[in-house]
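Input: a single structure, listed below in structure tokens.
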Amino acid sequence: MTEPLLMASELSVQKGVRALLSNVSLTVNQGDVWQLAGGNGVGKTSLLRAFARLARIEVFGRLERCEDVLYSGHSAALKGALTPRQNLMTHPSGLNAPSDLAIDTALEAVGVLGHADVQTARLSAGQKRRVALARLFLPSPRLWLLDEPFTALDVQGVNVLEARFLEHARSGGAVVFTSHQSAALGDELKVLNLEHYCGD
Amino acid sequence: MQFDSFAAAVTMGGHGGFVWAAYAITSVVILVMIVRPVLSTRSMQDTIQREFERKQAHEKDAS
Amino acid sequence: MWRIIHQFGSPPWVYRFCDRVIPWLLPLTAVALIVGSAWGLLFAPTDYKQGDSYRIIYIHVPAAVVSLAGYYIMAFAGLVSLVWRIKLADLAMRAAAPIGAAFTAVALITGAIWGKPTWGAWWVWDARVTSMLILFFLYVGVIALFEAYDNKTIAARACAILSLVGTVNIPIIYKSVDWWYSLHQPASIKFTGSSAIDASMLYPLLGMIVAFYALFALLMMLNLKQSLTSEYAQSNWLIKRITT
Amino acid sequence: MTDQSGIDTLQYLSGQTARHVRLQLASPSEIVNPLLFFLLVVILFPLGLGPDPERLALMAPGILWVVALLANLMICMRLFVDDFEDGSLEQLAMASTPLALSVIPQLLAAWMTGGLVLSLAAPLFGMMLGLPVSAVPVLVASLLMGTAIMLLLGAVGAALTVGVRRGGILLALLILPLYIPVLIAGTRALDEALHSGDPVVALAFLGAGVTGGLLLAPLAIAAGLRVSLEL
């Protein structure tokens, strides 16, 4: 068994005075696809941000993970003034500058290659969403932390994304994503229901 | 004593108004800064005490 | 060393420490302030140049000294809470900010009152007074930043960073204001760089400075006890301590 | 830093600089507004103080520097807001490059389209206030350095207030006290230049401010951004 990509033991997350989640333990190994499930406000996003170490002040307990992480939040860090190609070329998350070929294959995989050089602001909401997902089709880090990746996706988009998850997991990566709906990823999917870890 | 009479101490050669005003303002500020936390701590302690007694009485009825 | 930090870091221990120290520190500070003021007001000799208006120095200078020290104490508490994430240091920083601001305000007010009889103007653009005014705005900035955040745990960390940035800038500000003042100095008004102050005037001043430091410590403990009581109202160590 | 990751970091930083410069150029109003603000406020002074050329020339250094300071503050108010809202700041924090380093490209781009342009336009406004031509080189030099320091300090305040509602006014309250030494040094440099004194001391002070700021400010900016990302 290779070393786990992420190991959280007794992780607790506060929100001001309120204890949001307490004693969450999770081990993510290579090839795992984890869904953080639970109703709105249970703290899915907060836990994911804790895993990403974007939230630290109000996070207690032990968290160890590999440094090679892709995080995608609610807003997708896309600049309207830039074209999809420019957005992917100089993405602030520091993915070492992908080659043009890699960008083309990624944009084609999500079906927006035709608009690669149009200002992202002029694309439709659905197309923008797809450009955001194109990052997952670039050569990317092993551990993915995705916040509500399936929102505002049409059926075809959901299928493409689910296939990509499984492909990434099989190639030795791991995916941790939040979603309040149940994802149709078959038995490979592991679900962590955060309702059991509610604070106080 | 630098001043030979109480009146001289008050007027201080014409500057008394300023000197005593400065001391008055400073002592008011100091008093407020001391009294405020003491009162608020005491009132919080009272609420905790009352809350504790109410719970005590509640447990006695229940048992 | 770690045992001490651990002790200072545990709220129950600090609460007991405050309960033990305040009962004798409060009267002691009151006496020190009263005796010091009486000594400065009534027994110190009259200044041959300024007459008796200089007696305001016995509250103006101590307030100024403590307000500057207060900022560094606040920043140090911020640093401790930033590095070791000790809740106590966080509360100490929050307690030091309003106290420091109040002392700076007192220093500014008494400075203005002192300026009127001595130079005929309520506000003199002297280097020391101007720097104190800027220090006051540094305090107000920290307090305003703390109030701007809803989540107070995160607010405290932001204030810790701001106060550290402030400490780096204070010497620069003081030096540049002196530099600015020395360039535009109209007459030879030397405000607080007074000539060698006579011993009989100096001792009450030193006494008052010590009294003001004691006052600062007392106010810190009172505010700390207040925020501990409100912060830990539900925890049973506090309930046990109050109800026994 | 093995050389491979060193090269990646340099590549990443240059890529980010290009990205931010392109973004700045994409919204020209962000560049022109501070200039218009500068011109408008400079015009207010003769209207307020009277057209007497001698008096204006006497006060020109102070006026130019105070207005440059306010224009700089305006630039800092918008500094991280867009990136905070569209998630770019989050991604910047997730990059393997330390945040203190990866923030610099944005500051460099902001300075090139802000402080630099302001400093080059200032002589024109100086003329309007009757600033003698002899003082123009020192004016530009002091503003080039001064705007850099003020951008670095303003960025610290912006990082701490970007997540807060109505953070703009709060930013002014936090940062203006820290701007005072820069203002003093800047106006002093101009005064020395005007009265045939020696402006080198003041310019050296500003130079020290730039180097000190470049070293220390990014650490505070990174710490401040991390706090704002917690909200």
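Labels below follow one simple rule: chain letters A, B, ... track the order of the sequence lines, proteins then strands, and each chain is numbered from 1. When reading the values below, keep in mind they use all heavy atoms of this one structure, side chains included, and skip hydrogens, waters and symmetry mates.
Counting only heavy atoms from C-beta outward, the side chains of Gln234(C) and Glu51(B) never approach each other to under 4.5 Å. A 4.5 Å side-chain heavy-atom check between Phe103(C) and Val29(B) finds every atom pair outside the cut-off. Counting heavy atoms from C-beta outward, Leu215(C) and Ile34(B) have side chains that approach closer than 4.5 Å. The side-chain heavy atoms of Val106(C) and Ile30(B), taken from C-beta on, include no pair separated by under 4.5 Å.
No more than 12 heavy atoms of other residues, nucleotides or ligands lie within 6.0 Å of CZ in Phe76(C), so this atom counts as exposed by the packing criterion. Enclosure of atom CZ in Phe137(C) is not indicated, since only 12 or fewer non-hydrogen atoms of other residues, nucleotides or ligands lie within 6.0 angstrom. No more than 12 heavy-atom neighbours from other residues, nucleotides or ligands sit within 6.0 angstrom of CZ on Arg36(B).
Only the side chain of Leu238(C) comes within contact range of chain B, judged by heavy atoms closer than 4.5 Å. Both the backbone and the side chain of Val19(B) come within contact range of chain C, judged by heavy atoms closer than 4.5 Å. Looking at Ala44(C), the atoms closer than 4.5 Å to chain B (heavy atoms on both sides) all sit in the backbone: N, CA, C or O. The part of Ile25(B) that comes within reach of chain C is its side chain, from C-beta onward, which places non-hydrogen atoms under 4.5 angstrom from that chain. Both the backbone and the side chain of Tyr58(C) come within contact range of chain B, judged by heavy atoms closer than 4.5 Å. Both the backbone and the side chain of Ile113(C) come within contact range of chain B, judged by heavy atoms closer than 4.5 Å.
Taking all atoms of both residues into account, the shortest heavy-atom contact from Phe18(B) to Lys116(C) is CE2-CG, 3.6 Å.
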Legend entry - CA sep, side-chain torsions, deciding dist, call: Gln45(B), Lys225(C), side chain to side chain contact (heavy atoms under 4.5 Å, CB included): CA-CA 11 Å; Gln45(B) 284 176 341; Lys225(C) 203 175 144 189; 4.0 Å; yes
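For the atom pair NZ of Lys240(C) and CD1 of Ile48(B), the computed distance is 13.0 Å after rounding to the nearest 0.5 Å. Atom OG1 of Thr243(C) sits about 10.5 Å away from atom NZ of Lys55(B), to the nearest 0.5 Å.
The greatest number of non-hydrogen atom pairs below 4.5 Å with chain B, out of Leu42(C), Thr229(C), Leu33(C), Ile56(C), is found for Leu42(C). The most heavy-atom pairs under 4.5 Å with chain B, out of Ile99(C), Thr110(C), Ile22(C), Leu219(C), come from Leu219(C). The choice from Ser27(B), Gly17(B), Pro37(B) that makes the most heavy-atom pairs within less than 4.5 Å of chain C is Pro37(B). When each of Leu26(C), Ile59(C), Thr46(C), Ile242(C) is scored by its heavy-atom pairs under 4.5 Å with chain B, the top score falls to Ile59(C).
Under the ring-ring contact (aromatic ring centres under 6.0 Å, His included) criterion, Tyr232(C) pairs with Trp237(C), not counting sequence neighbours.
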